[in-house]
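Heads up: numbering here begins at 1 and tracks the sequence. Ligands are counted one by one from 1 in listed order, and the atoms in each one are counted from 1 as well.
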Amino acid sequence: MVSVCQENFCCGCSACVSICPKGAIQLKDNKKNIVSKINESKCINCNLCRNVCPVNYPVQTKEPIQWYQGWAKDDILRSKSSSGGAARCLTEKFISDGGEVCSCTFENGEFQFSLVDDLKNAGIFAGSKYVKSNPGMIYGQIKKDLVKGKKVLFIGLPCQVAGVLNYCRDKVDNLYTVDLICHGTPSVKLLNQFFKEHGYKLSELSTINFRDKNVFALNEDVKFTKVGEMDRYSIAFLTGSCYTENCYKCAYAKKERISDITIGDSWGSELVQEESKGISLLLCQTEKGKKLVESLDFNLASVDLEKAIAYNRQLNTPSKRPVFLEDFYKDLESGKKFNKIIFKYCKVKCIKQMIKSFLIKAHLLKVHGGYRVTGYYKKWT
Ligand SMILES: Cc1cc2nc3c(=O)[nH]c(=O)nc-3n(C[C@H](O)[C@H](O)[C@H](O)COP(=O)(O)OP(=O)(O)OC[C@H]3O[C@@H](n4cnc5c(N)ncnc54)[C@H](O)[C@@H]3O)c2cc1C
């Protein structure tokens, strides 16, 4: 089989799929990795796919020139966001100024990308989706709009920002990019399997919520665990137990970034009274990014960058590949249940959650929805 990039490096950004004039490329999701497969009978050897691929041609990273922590001045908007509402504020400001925004939505069980130029639709992107999303053919649409002279803001995972930057290489003046600090993504097939084991279909959900501020748990229409206990999917995600192979060697998990603006959580903030309502961390790598951030309807406060990095491991290094990864996927292939596999490999975390649930039931512990995290790894490691 011929593929666009080296095995286990493909991030599924889909730039190759978008650019191929013959529709010869397919992203094959093997759960453990993504393979950008070239159909040789359709291929005309133009090499556009290989040239656009950020694995083959990495995007240059830049040091942040300015950094802030903060939160949306609008309390409702902030409460509907995962963190301090930076993404939503950027979206609304950009649309109000006449531009359009491209980001990830959850619709019909799929985590795909849409372009929005109407404030009425600015809410469709809200919330972190802790799964590998699929940009599909959206880069082509973005490039067309840039060529027409429109301003476009792209918000996505760092590898997807790399994809859009390579795709629009010669037309980036009006392109603004925001990447999320990211500690890795599992294949959507794992999320599907998890739901299926609980008798639900992702495609039947109208909404999905992976997190309520600093409480991490899948909730919304359905519940998977006893009150206060974190579900096994969230345990697997937070412990980095089942990302696709490329995530463990992510080239973008460092302080130097590829985007105009990087957003994430301001873990370890000294502004403790704001923590439960969500505080965003914002890093600006370019003057245009800085200008945009400083124009937002946002409470901006200074932040100690070195401390923020210390609390956010993904600003330093990719997630550590678990020693059990091969066995995890072998177990999955053999038909074992996702829940059981997570218990097998994350026993201590799972037992902790079961004890917590028991203590809540016995009124010895106060209820909250999932696992309270004040730093993705602070309490986990
Ligand atoms: C997989 C993943 C891992 C993350 N890991 C970390 C981390 O280790 N440390 C940290 O500080 N922050 C991390 N974040 C970012 C954090 O969860 C918040 O999304 C971020 O702080 C922005 O919050 P917000 O309140 O500004 O906006 P939100 O309301 O969270 O909006 C998020 C924006 O990102 C887009 N988005 C959400 N999920 C995806 C996705 N799967 N693919 C592409 N775009 C998406 C949405 O469409 C929206 O535009 C991660 C996010 C994701 C999706």
Side-chain angles (χ1 to χ4, degrees), residues 11-14 69-72 74 77-92 94-95 101-107 110-116 121-136 138 153-161 163-164 177-188 191 208-214 216 234 237-240 243-244 247 250 252-253 259 261-269 277-283 293 296 298 303 308-309 311-319 373-378 380:
C11 59
C13 76
S14 119
Q69 57 182 338
W71 54 90
D74 181 331
L77 189 154
R78 183 185 184 190
S79 71
K80 286 184 177 162
S81 304
S82 296
S83 174
R88 179 71 175 270
C89 281
L90 285 160
T91 299
E92 295 205 354
F94 210 80
I95 295 175
V101 179
C102 179
S103 198
C104 172
T105 63
F106 174 69
E107 272 172 274
E110 310 237 345
F111 297 88
Q112 52 202 11
F113 279 68
S114 297
L115 269 161
V116 164
N121 298 326
I124 64 166
F125 302 131
S128 307
K129 294 105 187 158
Y130 293 134
V131 68
K132 201 169 287 307
S133 51
N134 179 10
I138 206 75
L153 174 72
F154 181 88
I155 306 177
L157 305 175
C159 47
Q160 296 163 346
V161 170
V164 76
T177 54
V178 176
D179 73 318
L180 302 165
I181 300 172
C182 175
H183 61 301
T185 46
S187 152
V188 74
L191 186 66
I208 187 164
N209 191 355
F210 292 80
R211 159 185 182 185
D212 180 12
K213 298 298 171 189
N214 55 2
F216 288 69
S234 302
F237 174 74
L238 283 174
T239 51
Y243 303 151
T244 50
C247 294
C250 177
Y252 309 111
S259 59
I261 303 162
T262 298
I263 58 172
D265 292 279
S266 186
W267 300 123
S269 172
K277 290 183 264 172
I279 311 177
S280 293
L281 179 71
L282 302 99
L283 312 180
V293 164
L296 298 178
F298 211 73
V303 66
I309 292 172
Y311 273 85
N312 224 323
R313 200 149 99 176
Q314 277 53 49
L315 288 173
N316 240 324
T317 181
S319 289
V373 181
T374 50
Y376 276 95
Y377 285 90
K378 205 174 161 206
W380 286 100

Ring geometry between F111 and F106 (parallel below 30°, tilted from 30 to 60°, perpendicular above 60°): tilted
Any side-chain heavy atom of Y130 within less than 4.5 Å of one from P186? no
Please determine if G264 has a nitrogen or oxygen closer than 3.5 Å to a nitrogen or oxygen of ligand 1. yes
Heavy atoms only, cut-off 4.0 Å: how does R313 contact ligand 1, side chain, backbone, both, or neither? neither
If you measure from each heavy atom of F111 to ligand 1, is any distance below 4.0 Å? no
Distance flag, aromatic centroids of F154 and F113, threshold under 6.0 Å: yes
Closest heavy-atom approach to atom 25 (O) of ligand 1 among S128, S83, C247, G156 is made by S83
Calculate, to the nearest 0.5 Å, the distance between atoms NZ and OG belonging to K277 and S79 respectively. 11.0 Å
If I take atom CG from residue D179 and atom OH from residue Y252, how far apart are they, to the nearest 0.5 angstrom? 10.0 Å
Answer with side chain, backbone, both or neither: which part of T185 has a heavy atom less than 4.0 angstrom from an atom of ligand 1? side chain
For D265 and ligand 1, does the shortest N/O to N/O distance drop below 3.5 Å? yes
Using a 4.5 Å cut-off on heavy atoms from C-beta on, say whether the side chain of L282 contacts that of Q69. no
Considering G127, C104, A308 one by one, which has a heavy atom nearer to atom 37 (C) of ligand 1 than any of the others? G127
Selected option - heavy-atom contact closest to atom 50 (C) of ligand 1, from I181, I124, L180: I181
Given F125, Y130, F210, Y311, which one has a non-hydrogen atom that is nearest to atom 51 (C) of ligand 1? Y130
Below 30° counts as parallel, above 60° as perpendicular, anything between as tilted: where do the rings of Y243 and H183 land? perpendicular
Salt bridge between D265 and R211, side-chain N to carboxylate O under 4.0 Å? yes
Is the closest heavy atom of Q314 to ligand 1 under 4.0 Å? yes
Could a heavy atom of G278 be found less than 4.0 Å from some atom of ligand 1? no
